[in-house]
Amino acid sequence: EEKKDFKIAWSIYAGWMPWGYAADHGIVKKWAEKYGITIEVTQFNDYVESINQYTAGAYDAVTVTNMDALSIPAAGGVDTTAVIVGDFSNGNDAVILKDGATLADIKGRPVNLVEFSVSHYLLARALDSVGMSEQDVQVINTADPDMIGAFQTPEVTAMVTWNPMVSAIVKLPGATKVFDSSQIPGEILDLAVANTETVKDNPDFAKAMAGIWYDTVTLMAADTAEGAAARAAMGAASGTDQAGFEEQLAATKLYAKPSDAVAFVTSAELGAKMDHVRKFLFDKGLLGPSASSPDAVGIALGDGTVLGDGANVKLRFAPDWMQAAADGKL
Amino acid sequence: MRLINLHPDRGTRLVLGLAPFGALMLAYLIGSAVRLAANPADKLLPALTTLAASIERLAFLPDPRTGDILLWADTLASLARLGWGLGLATGGALAIGLAVAVLPLARAALSPLVAFVSMVPPLALLPILFILLGLGEVSKVALIVIGVMPVMTRDLALAAHALPREQIVKAETLSASTWLIAIRVVLPQILPRLIDSLRLQLGPAFLFLIAAEAISADAGLGYRIFLVRRYLAMDVIFPYVAWITLLAVLLDIGLTGLRRRLFPWSELRA
Amino acid sequence: MRLINLHPDRGTRLVLGLAPFGALMLAYLIGSAVRLAANPADKLLPALTTLAASIERLAFLPDPRTGDILLWADTLASLARLGWGLGLATGGALAIGLAVAVLPLARAALSPLVAFVSMVPPLALLPILFILLGLGEVSKVALIVIGVMPVMTRDLALAAHALPREQIVKAETLSASTWLIAIRVVLPQILPRLIDSLRLQLGPAFLFLIAAEAISADAGLGYRIFLVRRYLAMDVIFPYVAWITLLAVLLDIGLTGLRRRLFPWSELRA
Amino acid sequence: MSRLEIRNLWKEYGQQIVLENISLTIAPRAFVALVGPSGCGKTTFLRLLLGQEVPTRGEILLDGQPLPREPGPDRGVVYQRYSVFPHMTVLGNVMAGPEMKTARFLGRRFGAARRAIAEEARAMLAEVGLAGAEDKYPAQLSGGMQQRLALAQALMMKPRVLLLDEPFGALDPGIRSDIHRLMQRLWNETPMTVVMVTHDLKEAFTLATRIIAFERRRDRPEERDRYGASVGSDIAVWPPRSAGGPTIWTSDYLPDRDDPILWGPTTGTTRPQGA
Amino acid sequence: MSRLEIRNLWKEYGQQIVLENISLTIAPRAFVALVGPSGCGKTTFLRLLLGQEVPTRGEILLDGQPLPREPGPDRGVVYQRYSVFPHMTVLGNVMAGPEMKTARFLGRRFGAARRAIAEEARAMLAEVGLAGAEDKYPAQLSGGMQQRLALAQALMMKPRVLLLDEPFGALDPGIRSDIHRLMQRLWNETPMTVVMVTHDLKEAFTLATRIIAFERRRDRPEERDRYGASVGSDIAVWPPRSAGGPTIWTSDYLPDRDDPILWGPTTGTTRPQGA
Ligand SMILES: Nc1ncnc2c1ncn2[C@@H]1O[C@H](COP(=O)(O)OP(=O)(O)OP(=O)(O)O)[C@@H](O)[C@H]1O
Ligand SMILES: Nc1ncnc2c1ncn2[C@@H]1O[C@H](COP(=O)(O)OP(=O)(O)OP(=O)(O)O)[C@@H](O)[C@H]1O
Ligand SMILES: [Mg+2]
Ligand SMILES: [Mg+2]
């Protein structure tokens with residue numbers, strides 16, 4: 001249906017901080033007014049809760065990783081479109097060992113991570129890369145805010161987590177980063193997704209999202225005083241400072257130019273990456289109790305091909321609005 | 001007849017008591033039907049059949065990954081933590097509460113501390129707890145103890161303090177020493193209150209248990225709830241919440257029965 | 001002289017009362033020094049100077065981003081939620097507790113529900129709450145209400161039920177209707193208990209507040225603690241925890257004073 | 001005019017029979033003293049008259065009408081304990097009845113109406129010797145003062161039937177005789193029937209027109225549950241007293257058991273009546 | 001041999017003077033009845049004798065020694081209320097004293113020692129008329145039974161000084177006279193001094209060797225705080241009684257105020273003593 005009032009949920013993470021900044025500095029308002037709509041931007045402390053809220057229909061759009069977009073809203077039957085592919089994790093997620101030099105040393109250890117999150121996926125991919133499987137370790141679910149404290153306890157000897165925790169943990173005595181997401185580039189994507197039906201009926205909303213995003217990212221990536229001020233503000237909002245924030249950004253491959261994002265989304269590479277992801281999710285039973293194969297939930301890729309069940313496409317990568325931004329047609 | 005004197009009979013009472021539960025159930029069914037009509041894969045309010053299937057899977061079929069029956073494994077893990085936590089908290093509260101009530105010196109030294117600690121939000125101190133006690137069972141039990149014990153201690157000290165001064169004097173005229181007053185006069189009289197206090201702390205104890213398990217665990221009721229929250233599996237969360245509630249209600253009833261059996265005189269005050 | 005009769009004088013009491021706090025402080029200082037010696041960048045137990053600097057930044061200097069003084073902005077946001085939550089919970093508990101105590105029909109209908117709901121772990125139901133009520137202030141207030149109200153309701157209903165039957169009969173012989181019994185006999189006598197009950201629920205209320213703010217907020221004491229917890233910024237967490245504790249203690253003292261002032265007779269029972 | 005008829009009244013609690021087949025007629029304006037051993041059911045009998053309990057069998061008629069099944073302002077009561085509202089001041093306690101009777105919504109009166117009630121209440125308090133204690137709370141009063149307060153509270157309603165459960169046990173000798181005189185006067189002035197439980201036979205003879213003793217005819221331990229109490233003796237006080245004025249036999253000043261000056265024979269003697 | 005000397009005793013609570021300059025000597029084996037208006041400080045005086053409160057000024061000597069500053073087994077007490085342990089059975093309550101006296105760690109005896117104490121306790125319970133109630137809890141007893149239990153409990157310790165605070169107020173007339181006889185006998189048999197507060201002058205004259213009345217010499221409201229009570233009159237009962245055997249004047253059977261058969265002049269009369 002057509003509507004005028006939209007709600008976006010975002011949570012605190014390096015790649016999504018522009019949303020908060022945009023809301024605070026009138027960028028959201030500017031674009032909303034341009035399209036004659038209103039957009040309410042809500043900050044979540046709790047990432048999972050923001051996705052749940054979106055999945056339950058309380059929000060029109062949410063910031064989410066590709067993996068969680070598939071396992072929560074898409075597997076929950078909410079047809080979801082990735083409006084913006086903002087960045088991919090290029091070192092933001094890491095496997096860290098205590099008293100161990102290489103990934104192979106992880107064998108037999110308990111590993112603390114947020115189960116079923118991108119960390120879990122990263123671990124699976126890491127183990128894969130050295131010919132091990134999850135049977136070789138013991139996974140212990142640990143809440144992300146407590147990772148730094150947890151790492152300092154004696155019984156924790158291996159951990160998978162993400163930034164800002166990673167950068168603090170690697171500085172602790174005895175910590176070694178043995179694998180990180182830069183070794184699986186493009187597999188952990190940070191997206192801004194929206195309800196497919198909503199953007200179909202209200203393309204202006206998606207356009208506004210793209211406008212907001214690229215305005216802010218351009219500002220943030222600029223090597224100017226304004227850019228520095230923006231990064232400082234985002235750092236403060238995420239509980240650290242400008243230096244800490246820039247450190248996190250360094251581990252993030254940001255598609256500051258919309259054309260880069262379009263190129264990635266329409267490349268064949270995306271299909272291969274998403275295939276890893278959906279196999280992992282199926283393996284863990286996260287595609288729903290009725291899923292009998294990784295194909296259960298269909299994924300429409302940016303180049304038009306469909307991965308899995310074409311009759312049940314619930315996650316779509318749509319380059320349209322990023323393309324419009326690249327073309328200056330917003 | 002005044003409403004205050006209008007006592008419903010047994011049947012009416014039963015019907016009235018069940019009505020709100022029926023209403024809740026109905027609201028759920030309607031909500032679920034509406035949402036499922038809009039999106040058949042909706043996860044928020046699963047249909048009864050989905051719930052039943054999940055319950056069967058959780059409570060009766062072994063988990064393919066570990067071979068355990070999840071609900072029982074989780075329940076055992078959680079109840080063990082709860083039992084330890086509540087047991088230690090009860091013992092500690094009894095010892096400190098008794099000392100505070102009987103010994104003016106202990107009261108002077110400990111009661112400000114207990115009053116202060118009972119106001120500290122324990123969840124905020126979790127990181128410290130972890131580092132001091134590690135991520136294992138100890139810190140989960142410790143969270144329960146820290147969350148529950150100060151309140152119980154204050155409650156017991158108050159109960160002991162509320163004993164009429166005359167009873168203490170009477171005991172002294174019966175040649176009791178401080179120690180004998182503590183164990184033969186004060187202790188037995190606060191034990192029923194201890195059980196009641198424990199009952200009142202069941203809710204908070206479950207809360208802290210869930211919070212601790214949410215932070216780090218590989219089994220437990222709270223662990224499962226927070227784990228499946230990641231994919232909004234309300235078909236697991238609802239049965240678990242209902243099960244926790246049932247456990248708490250059963251514990252509550254059991255404790256009340258225990259108090260009645262152990263301390264028949266405590267029922268007689270009227 | 002028996003220990004039970006050994007009352008320390010004022011000075012000794014003060015010294016004894018402060019001693020455990022002193023010991024805690026000392027333990028902190030030693031622990032902090034040891035850890036900082038091993039790792040100067042250790043964040044777990046920051047040095048006093050670091051704490052002082054953080055306190056200055058939080059409580060006295062405006063935040064560069066928003067221009068607010070963080071501690072005050074957080075405190076205001078949290079206290080507003082707490083006030084609403086506790087206010088609504090108190091009002092609701094009073095109304096339902098009174099009805100349950102005075103009207104046998106209401107008792108039959110509501111008391112099983114209240115007993116059941118008081119055992120539900122509210123944190124597990126958070127997602128539903130957020131979806132029903134949105135993520136604004138309403139759902140945070142609602143979490144406090146849901147967490148606190150059933151316990152208070154039971155407490156008040158018990159207190160009202162404990163009034164001697166003879167008082168009710170007496171009121172009836174003085175021509176009181178059910179309504180007049182409720183407002184002139186039962187209500188005033190449970191108000192002091194209401195305040196005490198509220199005091200006892202301050203701890204849980206803060207707990208739920210922090211839990212709600214941990215999920216979604218952009219200001220608040222719990223928000224800040226969870227925000228900086230990712231960085232293990234104990235130099236912020238400690239002052240916030242201390243501040244929350246202080247607020248709770250002050251509220252507790254204030255409420256006790258209020259009860260003494262408003263209901264002087266409630267002090268007289270002896 | 002407040003005649004009480006009790007017909008074949010039984011009261012059982014579960015298995016235990018407390019009162020067994022009691023039939024009595026209490027004349028209007030009688031002053032009945034109820035005596036009997038502890039636990040024989042005197043308080044239970046008062047509760048039945050009050051409507052607080054329902055008889056197991058039998059009925060109670062007030063002026064020929066079945067007694068309403070709940071307490072009401074036509075019957076006043078002073079209990080052994082718990083008789084006053086701890087959250088109201090002494091004055092508030094005494095004003096509560098008239099206030100609630102006339103202000104059906106708030107239970108409070110304001111302005112002139114309130115002042116009128118307060119005046120009446122103060123006068124009543126002065127009568128029971130509580131002048132000066134108007135602003136205290138019950139917990140600040142001694143037991144005896146609380147009983148007098150409860151009496152004042154009940155009397156404010158001018159009940160047709162006044163039920164007293166050992167009301168004067170906690171009183172000083174001196175105050176007790178003051179209160180006895182007050183009771184006598186009020187009973188004379190107000191059209192009410194009084195039923196008073198007492199352990200003190202002297203008091204019974206000092207005040208009552210009729211003394212009814214409950215007793216258990218069978219009281220071996222194994223019989224205790226199966227047989228209740230019934231009327232053991234029923235004595236009219238001689239010389240007969242009647243409400244509304246002194247008879248030739250009663251003087252204005254009734255000496256009291258505890259006045260040390262007088263430990264001679266008492267003024268009333270007894271004459272057995274009926275079977 | 002339990003001679004009590006009270007010298008210039010004052011007791012103040014904050015601003016309020018309760019007892020003012022009391023000096024008394026109580027002979028060994030005396031039975032003192034303490035009377036006086038409500039709130040004049042009788043209970044306070046007992047508390048001072050007990051060691052539960054400390055005098056503001058003055059001193060109390062027991063057989064020439066200053067009274068220990070805390071209660072002990074040499075002084076027994078029966079309070080107005082709260083006198084027994086609600087969590088012990090009747091038998092347990094009576095056994096508590098001897099058990100705690102001999103078992104200093106557990107407060108319990110076992111085997112033969114326990115049986116001996118239990119036997120003694122049962123005998124004492126029978127004396128106060130509580131035979132058959134051994135396994136009940138205090139809350140299952142009537143007020144009067146609880147008072148008798150408290151008495152039995154105190155008597156088990158054979159205290160040198162027994163302090164009674166209105167112990168018989170809640171008793172039936174019949175039971176009351178039984179207990180009066182028991183008290184009389186125990187006082188005769190056991191070397192103890194008794195101080196009993198009572199409101200009932202008759203009871204005082206029935207039991208005591210000496211009656212002490214506390215009174216406030218100035219009792220206008222504004223003076224109430226500034227002046228305490230002191231000894232108003234001090235009467236030796238005539239014919240004199242003494243512990244250890246009946247005198248020629250006292251018969252074995254002491255009639256009681258509430259026996260309806262006897263409302264003649266009482267057996268004791270008074271003779272004022274000292275100033
Ligand atoms: N609500 C009740 N349920 C069961 N039994 C009761 C109840 N109320 C009273 N009884 C029993 O009924 C009997 C009579 O009690 P009641 O209080 O009427 O005696 P009483 O004559 O007033 O005694 P007392 O002189 O001690 O006040 C007692 O045996 C008591 O145990
Ligand atoms: N702990 C206390 N603190 C302050 N005042 C007290 C305390 N105990 C007693 N009083 C006051 O001392 C006075 C004497 O009280 P006490 O109980 O000794 O009187 P009493 O003669 O035993 O009266 P009653 O015959 O009513 O039992 C009263 O005015 C009372 O208010
Ligand atoms: Mg009675
Ligand atoms: Mg007294």
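Here is how names work: the chains are called A, B, and so on, in the same order as the sequence lines, proteins then strands, and each is numbered from 1.
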Check whether [X] gets within reach of chain C through its side chain, its backbone, both or neither, counting any heavy atom under 4.5 Å.
X      : value
D/E99  : side chain
D/A103 : backbone
D/M88  : side chain
D/L50  : side chain

When heavy-atom pairs shorter than 4.5 Å are enumerated against chain C, which of [options] gives the highest number?
options                : result
D/A96, D/A154, D/P73   : D/P73
D/M156, D/E70, D/R108  : D/R108
D/K101, D/R104, D/K136 : D/R104

Exercise: do [X] and [Y] side chains pair donor with acceptor under 3.5 Å:
X      : Y      : answer
D/E203 : D/T198 : yes
D/T193 : D/R160 : no
C/E166 : D/Q52  : no
D/T44  : D/E53  : no

Between D/F45 and D/F214, how do the two ring planes meet: parallel, tilted or perpendicular, split at 30° and 60°?
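The rings of D/F45 and D/F214 stand perpendicular, inter-plane angle above 60°.
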Quick one: do C/D252 and C/R199 make a salt bridge, cutoff under 4.0 Å?
yes
Looking only at C/I183, C/V185, C/L191, the option with the highest number of non-hydrogen pairs under 4.5 Å against chain D is C/V185
